[in-house]
Colleague: 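Quick one: this structure, given as structure tokens, is what I'll be asking you about.
On a predicted model such as this, the values are computed, not experimentally measured, just so you know.
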Amino acid sequence: MSAVVPKARRFVFALLALAALLTASVVLSRMRLGPWNPVLSVGIACAKAAIVVIVFMRPGEGGPSARFALAFGIIWVGILIMLTLSDFLLRTN
């Protein structure tokens with residue numbers, strides 16, 4: 001079985017995109033956007049995670065079990081976020 005060598009352009013694009021998102025995170029932390037700060041921060045974090053998964057983990061090249069594990073992980077994180085939000089929004093303090 002021969003190994004597929006990824007092109008360097010893919011990694012350079014990932015580096016530049018992650019650096020841009022890091023810059024956006026730092027700039028966002030200095031701005032006062034009220035309730036939009038956490039929303040935008042989580043959005044940037046999700047974008048960073050998606051770049052890392054797509055570029056470095058290459059889920060499209062794995063077998064069915066790898067895709068199942070990725071889908072299960074995404075669903076599990078969604079469940080955790082949903083439960084955390086329901087707890088936060090239903091508190092009566």
Colleague: With a 4.5 Å cut-off on side-chain heavy-atom distances among I, L, V, M, F, W and Y, is there a chain of contacts connecting V55 to V52?
Modeller: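 Yes.
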Colleague: Roughly how far, to the nearest 0.5 Å, is the CZ atom of R32 from the CG atom of N37?
Modeller: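 Answer rounded to 0.5 Å: 10.0 Å.
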Colleague: Return the minimal non-hydrogen interatomic distance between R91 and D87, and the atom names on each side.
Modeller: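 So the two residues come closest at NH2-OD2, 2.9 Å.
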Colleague: Just how far is it from atom CZ of R10 to atom CG of L15, taken to the nearest 0.5 Å?
Modeller: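 Here the interatomic distance stands at 14.5 Å.
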Colleague: Can you tell me how far the OG1 atom of T23 sits from the CD1 atom of I44, to the nearest 0.5 Å?
Modeller: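 Reported to 0.5 Å precision, the distance equals 10.0 Å.
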Colleague: Any side-chain heavy atom of L28 sitting closer than 4.5 Å to one from L33?
Modeller: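 L28 vs L33: side chains touch.
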Colleague: Under a 4.5 Å side-chain heavy-atom rule over Ile, Leu, Val, Met, Phe, Trp and Tyr, are L85 and V77 clustered together?
Modeller: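 Linked, L85 and V77 end up in one cluster.
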Colleague: Return yes when atom CZ of F56 has more than 12 non-hydrogen atoms of other residues, nucleotides or ligands closer than 6.0 Å, and no otherwise.
Modeller: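 Enclosed: over 12 neighbouring heavy atoms sit under 6.0 Å from CZ of F56.
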Colleague: For the atom pair CE (M31) and CG (L40), what is the distance rounded to the nearest 0.5 Å?
Modeller: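 It comes to 8.5 Å.
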Colleague: Answer yes if I75 and L83 sit in the same cluster of Ile, Leu, Val, Met, Phe, Trp and Tyr residues linked by side chain heavy atoms under 4.5 Å apart, and no otherwise.
Modeller: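 They do share one cluster, since a chain of ILVMFWY contacts under 4.5 Å joins I75 to L83.
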Colleague: Is I51 close to L21 at the side-chain level, that is, under 4.5 Å between some pair of heavy atoms?
Modeller: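 A side-chain contact exists here, since the closest heavy-atom pair is under 4.5 Å.
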Colleague: Run the side-chain contact (heavy atoms from CB on, under 4.5 Å) test on V39 and W36 for me, step by step, so that the C-alpha distance in whole Å, both residues' side-chain angles and the decisive distance to 0.1 Å come before the verdict.
Modeller: CA-CA 5 Å; V39 173; W36 286 102; 3.9 Å; yes
Colleague: Taking all non-hydrogen atoms of both residues, which atom of P35 and which atom of P38 are closest, and how far apart?
Modeller: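 Smallest interatomic distance, heavy atoms only, reads O-CD, 3.4 Å.
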Colleague: With rounding to the nearest 0.5 angstrom, report the CG to CZ distance, L18 to F11.
Modeller: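 Result: 12.0 Å between the selected atoms.
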Colleague: Provide the closest heavy-atom pair for K48 versus S25 in the form atom of the first, atom of the second, distance.
Modeller: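 In this case the closest contact between K48 and S25 is NZ-OG, 3.2 Å.
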